[in-house]
Number of protein chains: 2
Amino acid sequence: MPEDRPYHHGNLREALLDAAIRLIAKVGPAGFTLREVARRAGVSHNAPYRHFRDKDELLAAVGTQGFRELKQAMLRAAESQTTSLDRLRRSGRAYVSFALRRPEHFTVMFDAPISKAANPEYNEAGQQAFATLVSFIEMCQREGRLPPGDPLPPALVAWSLVHGIAKLAVAGRFPFRSKADVLKFAERAIDGFLPALAHAE
Amino acid sequence: MPEDRPYHHGNLREALLDAAIRLIAKVGPAGFTLREVARRAGVSHNAPYRHFRDKDELLAAVGTQGFRELKQAMLRAAESQTTSLDRLRRSGRAYVSFALRRPEHFTVMFDAPISKAANPEYNEAGQQAFATLVSFIEMCQREGRLPPGDPLPPALVAWSLVHGIAKLAVAGRFPFRSKADVLKFAERAIDGFLPALAHAE
DNA sequence: ACCTGAACACCGTTCAAGT
DNA sequence: ACCTGAACACCGTTCAAGT
């Protein structure tokens, strides 16, 4: 496959995304600057504007990437399971595990002030990730492991729990010493919590 | 009480804190700038350095204020209740209600990159708020409404749930149309969830 | 004590220009 | 098509100076 290589990069867009993630990992999404991203990608400070309308659009692209990876991680974690309840359990664990593995993406996805209206791909990817969780709830309902009815309330409760665990863990608010300990805690929390979903109405 | 009024303000520190919160409410903690805060307080761009070492210390002061108000809100909500389980329930509701009432404080408290080591007051205030939750768990244990043992695991699970609800609500990820609806959802989630705390081990 | 203006090294974004 | 340097209006922070 022949590589068209205009100027510096075969694919500057990807190079910029990579550089952005590495920079966010180093200085956080607050200290993140477009000019430093360009520097790290080896281009001038306004080359990024050929690929992203502004700083927000680059952040939105990072968020979109994150939501797509999160969805895949949830699906993959559920795949190997046989019961609907186990699929739900494992997808919740995968949510927390994703946040620990990609804290920069996770932070951008939920804390960066990204306009959903101005970034439809970002919005769509976020909704798809949530739809994945809803589908696991519906599976449980069809198999009679959760009471029938609107799957939205129990989905929101389940989301809240794993999101809270993920957020607090990433923010360093937990007294656990390793990611493995966080995941063990998450598993226990999810287990104890599945019966409660039945009462979410 | 006689007001010493040096130069522009009787209390520039308070004026700066107020201006900071109003500015964060308007542009978010990302768009927040020290120079604009000074402008809003009617002083020159570096007058703030007389009261705060740098931008981070001003943010830390906002966070500290938030944690103290959160602790008070939890205590006040619990006060009127007679059973330990109701006190726990109401303090959880108060947590979510605080986040909805003071979203700027809540965001700064948990998402701003504030060094705990460099800001001991901030760290202390955060720990005290958490200690308040732990004390409600212990009360339930003493009254036999929760199984005895280390109160930390159930406290962390309870915290995760209300924190997740608060975060997602403030981030606008919920399909609810009013704060009242969010609070109703939070109440139901907490109720369904109290039995699960027993299994947190 | 508390405040100021000038200065420095940065930003995000725009624009005219280069290949 | 993709990239560049200069320019503009901003930052956070420092410093010498004023009352």
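The structure displayed is predicted, hence computed values, not measured ones. Numbered from 1 within each chain, the chains take letters A, B, ... in sequence-line order.
A donor-acceptor distance shorter than 3.5 angstrom exists from the side chain of A:T132 to the backbone of A:Q128, with no hydrogens or angles considered. Remark: side-chain polar atoms of A:T107 are paired, donor with acceptor, to backbone N or O of A:P103 under 3.5 angstrom.
A:H163 has its ring centre less than 6.0 Å from the ring centre of A:F106.
Look at CG on B:N11: it is 10 Å from P on C:dC3, rounded to the nearest Å. Rounded to a whole Å, the CG atom of B:N46 is 16 Å from the P atom of C:dC8.
Under the rule for a side-chain contact (heavy atoms from CB on, under 4.5 Å), the partners of A:T64 that lie at least two apart in sequence or sit in another chain are A:R68, A:E121, A:Y122, A:A125. By the side-chain hydrogen bond (donor to acceptor under 3.5 Å, both in side chains) test, A:T83 is found to be paired with A:D86, residues two or more places apart in sequence or in another chain being considered.
Taking a pair as Watson-Crick or G-U with both hydrogen-bonding distances under 3.5 Å, the stems of three or more pairs touching DNA chain D are C:4-8 with D:12-16, C:12-16 with D:4-8.
Against DNA chain C, the stretch residues 30-37 of chain A makes heavy-atom approaches under 4.0 Å through A:T33, A:L34, A:R35. Within residues 48-63 of chain A, the residues having any heavy atom closer than 4.0 Å to DNA chain C are, in order of number, A:Y49, A:D54, A:K55.
The closest side-chain heavy-atom distance from A:F130 to A:F67 is not below 4.5 Å.
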For residues 14-38 of chain B, run the donor-acceptor check on the side chains, cut-off 3.5 Å, and write out each pair with its distance to 0.1 Å, sequence neighbours left out.
unit_1	atom_1	unit_2	atom_2	d
B:T33	OG1	B:E36	N	3.1
B:E36	OE1	B:R39	NH1	2.4
B:E36	OE2	B:R40	NE	3.2

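In this structure, A:R90 places its CZ atom where only 12 or fewer heavy-atom neighbours from other residues, nucleotides or ligands lie under 6.0 Å away.
With rounding to the nearest 0.5 angstrom, the CZ atom of A:F136 is 13.5 Å from the CG atom of A:L146.
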Pair A:R101, A:E69 - check side-chain contact (heavy atoms from CB on, under 4.5 Å), show working.
CA-CA 11 Å; A:R101 190 172 64 253; A:E69 193 179 326; 3.9 Å; yes
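Note on B:R39: every side-chain N or O is 4.0 Å or more away from OP1 and OP2 of D:dC10.
Interface remark: the B:H45 side chain does not form any donor-acceptor pair with the C:dT4 base, using a distance-only criterion of under 3.5 Å.
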